[in-house]
Amino acid sequence: MPLALLALAVGAFGIGTTEFVMMGLLPDVADDLHISIPSAGHLVSAYALGVVIGAPLLAAATARVSRRKVLIGLMLLFVAGNVLSAFAPDYHWLLAARFLSGLPHGAFFGVGAVVATGLVAPERKARSVSLMFLGLTVANVVGVPVATLMGQHMGWRSTFLGVSVIGLLAVVSLALLVPRDGTHGPAAGLRGELAALRSLPVWLALGTTVAGFGALFAAYSYITPMLTDAAGYADSSVTLLLALFGVGATAGNLLGGRLADRSMRGTLFGGLVSLAAVLALFPVLMATAWSAALAVVLLGTAAFVTSSPLLLMVMEKASSAPSLASSANQAAFNLANAGGAWIGGLALAAGLGVTSPAVVGAGLAVLGLGVAGVAYMVDKRGPVPSGGRERVVASHVPEHAESVHH
């Protein structure tokens, strides 16, 4: 595997750390800025909103620019957002800085996925994507706990300065390791990129992402009360258990990359079935401490087995605009985060029990399986016309892939 994938993973590590660390720093930020915990929670929403808005817009706006330059520019924007977060004088400035930090998130993963798949042989595309996302999953195991401890002992502002340093390391790595040749975007421009999103298979793939990861976040958003109220863990043990989720996610990401290179569709179906089964068993698994810990690992594994095949499926269905499509997939991921948490919260508010969000999540996984099934049936019917032209559904290899590989 090319060393350029390491540069992408470093960027993903920084992005994953800054995205999730705010959840652990909310009390510290609230105390320092004299705001309520719910108000501090809006800082998480501001970042997610930045991802949803920035992912398709930045990917489309930079369609004609060298992807190497785009990646470096996006990471510099990420660094700027985190530096501004560290020095924000009040809550409203911090809210704006968190929104700015989220803008490059989706586009970085979207453009990075296209670069990653173009650097390797066709039979290793899914594995290359999983190695880039390895930075994101490892961030949950190492980056977030370390950054949270740093913020608790040295002040929350130090956390964002530390993440800024990681971002600068990513900039240097990208400049040194990503090749200058073979990373140019298509000549279609903004109109051509947007036209690719008129394809039904693209929207079915994005819908699978929303439902599948909505299933994860319906449960994961409320994993702490499940572990404390149902499984009997102390609050102090939750951080370690969440690290176990990161371990499971890392294993699932790597496993999904290998399996998807053999059968993309089979890996996707298998992952969604596994996710539905794990979530449906949560009420039973949360009955004892040891099985609850196992459930957390299995949840991360089953969910992230689907990450590589979902992204590749979106890219292949929009072969003329893979950067925009894969960036849109990141926006769909964050919509799944917000929507899944909301639906899981409805189950709790209805008094259905502390593990009810997981059962609701199982239903969302089944819904995702249904959408994926419809996408499969559409594929069997052949290419789908879009705007008067036919989209190529078969596996797409970027023109530069072979030359870069050699």
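Here the structure is a predicted model, which means the values were calculated and not measured.
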Using distance only, find each side-chain donor-acceptor pair of residues 93-110 under 3.5 Å and give its atom names and separation, not counting sequence neighbours.
unit_1: R98; atom_1: NH1; unit_2: T18; atom_2: O; d: 3.1
unit_1: R98; atom_1: NH1; unit_2: T18; atom_2: OG1; d: 3.4
unit_1: R98; atom_1: NH2; unit_2: T18; atom_2: O; d: 3.2
unit_1: S101; atom_1: OG; unit_2: G81; atom_2: O; d: 3.3
unit_1: S101; atom_1: OG; unit_2: A97; atom_2: O; d: 2.9
unit_1: H105; atom_1: ND1; unit_2: Y47; atom_2: OH; d: 2.9

Is any side-chain heavy atom of S327 closer than 4.5 Å to a side-chain heavy atom of L58? no
Please enumerate all residues that pass side chain to side chain donor-acceptor pair (under 3.5 Å) together with D32, with sequence neighbours excluded. W156
Separation of L335 CG from N329 CG (nearest 0.5 Å): 11.0 Å
Keeping the roles fixed (side chain from T159, backbone from G151), state whether a donor-acceptor pair exists under 3.5 Å. yes
Could you go through L272 and T208, starting from their C-alpha distance and side-chain angles, then the distance that decides it, and tell me whether this counts as side-chain contact (heavy atoms from CB on, under 4.5 Å)? CA-CA 10 Å; L272 289 171; T208 306; 4.1 Å; yes
Show, in sequence, the C-alpha distance, side-chain angles and deciding distance for L43 and Y91, and conclude whether the side-chain contact (heavy atoms from CB on, under 4.5 Å) test is met. CA-CA 9 Å; L43 297 168; Y91 169 69; 4.1 Å; yes
Hey, could you give me the CG/OG distance between L346 and S356, rounded to the nearest 0.5 Å? 10.0 Å
With a 4.5 Å heavy-atom cut-off, do L299 and V296 have their side chains touching? no
Would you call E19 and V144 a side-chain contact if the rule is heavy atoms closer than 4.5 Å? no
What are the two closest non-hydrogen atoms of L8 and G112, and how far apart are they? CD1-O, 3.7 Å
Hey, what do you get for NE2 (H42) to CE (M22), rounding to the nearest 0.5 Å? 13.0 Å
L168: partners by side-chain contact (heavy atoms from CB on, under 4.5 Å), with sequence neighbours left out: V79
Keeping S263 on the side-chain end and L259 on the backbone end, is there a donor-acceptor pair under 3.5 Å? no
List the atom of M226, the atom of A219, and the distance in Å for their closest heavy-atom pair. CE-O, 3.6 Å
Carefully, step by step, assess F213 and Y220 under the rule ring pair (Phe, Tyr, Trp, His ring centres under 6.0 Å). CA-CA 10 Å; F213 277 97; Y220 188 67; over 10 Å; no
Do L312 and T117 have side chains that get closer than 4.5 Å, going by heavy atoms? yes
For residues 239-260, the salt bridge (charged side-chain N to carboxylate O under 4.0 Å, His left out) pairs (sequence neighbours left out) are none
Non-hydrogen side-chain atoms of L5 and S128 separated by less than 4.5 Å: yes
Has T209 got a side-chain atom pairing as donor or acceptor with F333's backbone, closer than 3.5 angstrom? no
Show me, pair by pair, the donor-acceptor contacts under 3.5 angstrom made by side chains of residues 302-309, not counting sequence neighbours?
unit_1: T306; atom_1: OG1; unit_2: A303; atom_2: O; d: 2.6
unit_1: S307; atom_1: OG; unit_2: N253; atom_2: OD1; d: 3.4
unit_1: S307; atom_1: OG; unit_2: F304; atom_2: O; d: 2.9

Value rounded to 0.5 Å, distance of CG in L254 from OG1 in T250: 7.0 Å
Step by step, would you call Y222 with L348 a side-chain contact (heavy atoms from CB on, under 4.5 Å)? CA-CA 9 Å; Y222 305 98; L348 276 180; 3.5 Å; yes
Are any side-chain N or O atoms of R68 and backbone N or O atoms of V115, one a donor and one an acceptor, separated by less than 3.5 Å? no
May I ask you to test the V114-R67 pair for a side-chain heavy-atom distance under 4.5 Å? yes
With no hydrogens and no angle check, is any side-chain donor or acceptor of T301 less than 3.5 Å from a backbone partner on G248? yes
Do L241 and F245 come within less than 4.5 Å of each other through their side chains, counting heavy atoms only? no
For V51 and Q330, which heavy atoms make the closest approach, and how far apart are they? CG1-O, 4.2 Å
Evaluate the side-chain proximity of N82 to L161: yes if any heavy-atom separation is below 4.5 Å, no if none is. no
Name all residues meeting the side chain to side chain donor-acceptor pair (under 3.5 Å) criterion together with S274; count only those two or more places apart in sequence or in a different chain, and write none if there are none. none
Flag, side chain of D261 to backbone of A126, donor-acceptor distance under 3.5 Å: yes
Nearest-0.5 Å distance, CG of residue L74 to OG1 of residue T62: 6.5 Å
Using every non-hydrogen atom in the two residues, find where P145 and V141 come nearest and quote the distance to one decimal. CG-O, 3.4 Å
Give, for atom CG of L57 and atom CD1 of I53, the distance between the pair rounded to the nearest 0.5 Å. 7.5 Å
Shortest non-hydrogen pair, V278 vs A295, comes out as CG1-O, 4.3 Å
Give the minimum heavy-atom separation between A292 and M286, together with the two atoms involved. CB-SD, 3.7 Å
